[in-house]
There are 2 protein chains.
Amino acid sequence: MSKKWGFGADTPAAGVEEILKMLEGRWKLVILFHLFGGQVKRFSELERAIDGISQKMLIQQLRQMEADGIVRRIVYHQVPPKVEYCLTDWGQSLCPALDALLKWADLRPLPAPTGEMADN
Amino acid sequence: MSKKWGFGADTPAAGVEEILKMLEGRWKLVILFHLFGGQVKRFSELERAIDGISQKMLIQQLRQMEADGIVRRIVYHQVPPKVEYCLTDWGQSLCPALDALLKWADLRPLPAPTGEMADN
DNA sequence: CTGGATCCGTGAGGATACTG
DNA sequence: CAGTATCCTCACGGATCCAG
């Protein structure tokens with residue numbers, strides 16, 4: 001590769017931390033993985049799909065991501081209420097990152113020994 | 001694209017959530033970005049570089065990631081103690097994902113309008 | 001069915017002081 | 001310099017009830 005990765009002594013790290021905050025929270029990433037790749041899901045679908053999540057948390061995290069412009073909320077004015085969620089365009093652009101995360105999870109090599117030593 | 005992204009009704013989502021937990025925590029990702037691309041940093045370097053973090057949190061998050069096999073800890077037995085941290089091989093394999101995250105942060109398009117409506 | 005509101009416990013995370 | 005110990009706070013997240 002031509003360009004080294006880092007972000008070291010020379011990098012501003014500007015705004016990145018702010019962005020990272022959007023992905024924090026117990027369920028954010030999990031939800032994103034369920035909306036991955038342009039999927040459109042109803043509230044109840046997500047609730048059923050995500051094991052262990054409560055309504056409150058689901059709502060809360062969805063709303064935060066909506067406010068952050070990551071997910072879109074579509075309300076159908078019907079007698080049996082219906083709300084669907086999907087990623088916004090920007091949210092879609094997260095897919096490569098999510099995909100990379102998925103691939104990373106698949107690697108999972110040996111458990112590294114802790115407490116390595118070295119002499120100067 | 002030939003293969004759709006998802007992870008939808010057909011995907012097990014196996015173990016992914018467990019992996020995601022490794023990246024949770026207020027400072028995990030921030031620290032990773034500072035160890036990005038094979039950088040080796042001392043404890044105090046990280047402490048100074050990461051604005052707002054406390055010693056406790058820095059240690060704690062570093063130790064957790066060490067236990068998870070993401071970062072490596074190198075101790076020099078000297079009178080002025082010296083400890084360095086860097087990514088393990090597996091941790092290094094996270095770089096593409098971190099890089100994608102960085103790129104995503106750069107996009108940051110228009111703020112999506114909240115509360116979109118639709119009729120059935 | 002969706003999802004808002006409220007009460008509440010737990011624990012992650014912050015501040016500070018101390019030790020090897 | 002690196003790490004530990006202690007205390008404390010706040011909001012994350014769970015349960016339950018209520019509303020459109």
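As a basis for the values below, the full set of heavy atoms in this structure was taken, side chains included, without hydrogen atoms, waters or symmetry mates.
Taking the six-membered ring for Trp and thresholds of 30 and 60 degrees, B:Tyr85 and B:Phe43 have ring planes inclined between 30 and 60 degrees apart.
In this structure, the CE atom of A:Met57 is 18 Å from the P atom of C:dT2, given to the nearest Å. Here the P atom of nucleotide D:dA2 and the CD atom of B:Gln60 are 18 Å apart, to the nearest Å. The separation between B:Ile50 atom CD1 and D:dA2 atom P is 13 Å, rounded to whole Å. The CG-P distance, from B:Leu58 to D:dT4, rounds to 12 Å in whole Å. At whole-Å resolution of the value, CD in A:Gln55 and C1' in C:dC1 are 9 Å apart. Atom OH in B:Tyr76 sits roughly 15 Å away from atom C1' in D:dA2 (whole-Å rounding). Atom P of nucleotide D:dG3 and atom CD of B:Glu84 are separated by 11 Å, given to the nearest angstrom. Between the CD1 atom of A:Ile53 and the C1' atom of D:dG14 there is a distance of 12 Å, rounded to whole Å.
Within 4.0 Å (heavy atoms only), B:Gln64 reaches no atom of the nucleic acid at all. Here B:Glu47 lies out of heavy-atom contact (under 4.0 Å) with every strand. Nucleic acid contact for B:Pro80: none, since no nucleic acid atom lies under 4.0 Å from a heavy atom of the residue. Backbone-only contact: A:Gln61 has heavy atoms under 4.0 Å from sugar-phosphate atoms and none from a base.
Here B:Tyr85 does not reach the OP1 or OP2 of D:dC1: none of its side-chain N or O atoms lies under 4.0 Å away. Contact between the side-chain N/O atoms of A:Gln78 and the OP1/OP2 oxygens of C:dC1 is not found at any separation under 4.0 Å. A:Arg73 has a side-chain polar atom (N or O) that falls below the 4.0 Å cut-off from OP1 or OP2 of C:dG3. Regarding contacts with the backbone of D:dT4, a side-chain N or O of B:Arg63 is found under 4.0 angstrom from either OP1 or OP2. Between B:Arg42 and D:dC1 there is no side-chain polar atom (N or O) within less than 4.0 angstrom of OP1 or OP2.
Counting distance only, with no hydrogens placed and no angle test, the side-chain atoms of A:Lys56 and the base atoms of C:dG4 include no donor-acceptor pair under 3.5 Å.
From A:Ile70, atom CD1 reaches atom CG of A:Leu87 across 9.0 Å, with rounding to the nearest 0.5 Å. With rounding to the nearest 0.5 Å, the separation of CZ in B:Arg73 from CE in B:Met65 is 15.5 Å.
Comparing atom distances between the B:Val83 side chain and each of D:dG13, C:dT2, D:dG3 picks out D:dG3 as nearest. Considering only the side chain of B:Arg26, C:dG14 comes nearest among D:dT4, D:dG14, C:dG14. With D:dT4, D:dC1, C:dG13 as the candidates, the nucleotide lying closest to the side chain of B:Pro81 is D:dC1. Checking D:dG13, D:dG3, C:dT2 against every side-chain atom of B:Phe43, the shortest atom distance belongs to D:dG3. Taking the side chain of A:Ser54 as heavy atoms from C-beta on, and the options C:dC1, D:dG14, D:dT4, the nearest nucleotide is D:dG14.
Remark: side-chain polar atoms of A:Glu84 are not paired, donor with acceptor, to backbone N or O of A:Ile74 under 3.5 angstrom.
There is no path of hydrophobic side-chain contacts, each under 4.5 Å, that joins A:Val40 to A:Trp90.
Ionic pairing of B:Lys21 and B:Glu24 is not present here: no N-O contact between side-chain nitrogen and carboxylate oxygen is shorter than 4.0 angstrom.
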